[in-house]
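Data block below; observations after.
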Amino acid sequence: MIQIQEVTKKYQDKKVYVTALKHVSFSIQKGEVVGLLGENGAGKTTLLRTIATLINPTEGNVVVDGFDTVKHPNEIKKQVGVLFGGETGLYDRLTARENLEYFATLYGLSKHETKVRIDDLAKMFGMKDYLDRKVGGFSKGMRQKVAIARTLIHNPDIILFDEPTTGLDITSSNVFRQLVHQLKREGKTIIFSSHIMEEVSMLCNTVAMMHKGELVYHGNLEDLYQSEGSRDLNYIFMSKLVRGNEHYAS
Ligand SMILES: Nc1ncnc2c1ncn2[C@@H]1O[C@H](COP(=O)(O)OP(=O)(O)O)[C@@H](O)[C@H]1O
Ligand SMILES: [Mg+2]
């Protein structure tokens with residue numbers, strides 16, 4: 001379980017403070033697939049980086065399976081896999097297998113564990129045919145698979161994807177969607193940010209909508225459709241912003 005408790009994050013940009021998160025609170029249960037929605041600058045990346053222990057909250061706490069992100073980052077890193085938008089972090093001159101082996105070493109996996117894990121991931125992602133080819137010549141879709149496999153190399157229970165399909169073509173986006181379905185079946189907890197409403201409505205049980213650092217809505221997607229009397233997430237999102245306009249405009 002992930003508990004986000006009254007999290008505020010302020011960045012200092014020269015002498016100006018930017019408040020990226022304002023008293024954000026919600027919890028995520030094991031096995032939930034959460035879509036983090038919001039316009040540019042809403043605070044999505046900041047929230048994901050905080051959960052991943054890459055940055056510390058200015059106020060409040062994030063607790064992952066009982067561990068505080070500030071006090072016990074190493075415990076959390078073991079069980080979290082992160083993929084930040086666009087950047088695959090792969091080495092073109094290495095083969096897909098060598099790339100995965102490299103990341104396995106960083107997580108302290110043994111040679112045997114690494115081999116078994118890479119075989120499993122290759123099977124799961126249909127990468128067997130090109131596992132021993134250099135990544136440099138790969139299509140975007142192939143790269144995307146290797147990048148996601150890299151995120152999963154240490155078999156994390158929690159997976160964070162920041163704008164995973166931004167800038168990808170339809171084929172590569174579909175690769176991502178299929179993989180999320182697969183991970184969902186394995187009972188993984190997945191949080192991904194997106195501004196593509198369709199993607200979120202296809203993949204998520206839960207949505208968290210953010211606007212200017214504030215959590216505008218968090219809850220079950222079906223419940224939201226019911227209460228809004230619509231299944232058009234784009235419309236719901238916009239109308240929530242309009243209704244909250246006086247409050248959020250400040
Ligand atoms: N390192 C940083 N220094 C200063 N301001 C930042 C930094 N990172 C993000 N911000 C600001 O924090 C706000 C939230 O950004 P971000 O979390 O990246 O939003 P999103 O991912 O939803 O687009 C924005 O106003 C952004 O400009
Ligand atoms: Mg972002």
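In listed order, ligands and their atoms are each counted from 1. These numbers were taken from a predicted model, which means no experiment stands behind them.
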Quiz item: Mind checking whether His181 and Leu203 have side chains closer than 4.5 Å, heavy atoms only?
Solution: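 Touching, per the 4.5 Å side-chain cut-off.
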Quiz item: More than 12 foreign heavy atoms under 6.0 Å from OH of Tyr102: is that the case here?
Solution: no
Self-check item: Under-4.0 Å salt bridge between Lys115 and Asp119
Solution: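 The answer is yes: the pair qualifies as a salt bridge.
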Self-check item: Residues Glu199 and Thr165: side-chain donor-acceptor under 3.5 angstrom
Solution: yes
Quiz prompt | Side chains of Ser193 and Asp162, donor plus acceptor under 3.5 Å | solution = yes
Practice problem: Assess Thr45: does it contribute an N, O or S atom lying under 2.8 Å from the Mg ion (ligand 2)? | Solution: yes
Self-check item: Residue that, paired with Asn61, satisfies side-chain hydrogen bond (donor to acceptor under 3.5 Å, both in side chains) out of Thr69, Thr50, Asp68
Solution: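 Single pass found, and it is Asp68.
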Filter the ligand 1-protein atom pairs down to N or O on both sides and distance under 3.5 Å, then list them.
| residue | atom | partner | partner atom | Å |
| --- | --- | --- | --- | --- |
| ligand 1 | 17 (O) | Thr46 | N | 2.9 |
| ligand 1 | 17 (O) | Thr46 | OG1 | 2.5 |
| ligand 1 | 19 (O) | Gly43 | N | 3.1 |
| ligand 1 | 21 (O) | Thr45 | N | 2.9 |
| ligand 1 | 21 (O) | Thr45 | OG1 | 2.7 |
| ligand 1 | 22 (O) | Ala42 | N | 3.1 |
| ligand 1 | 22 (O) | Gly43 | N | 2.9 |
| ligand 1 | 22 (O) | Lys44 | N | 2.9 |
| ligand 1 | 22 (O) | Lys44 | NZ | 2.8 |
| ligand 1 | 23 (O) | Gly41 | N | 2.7 |

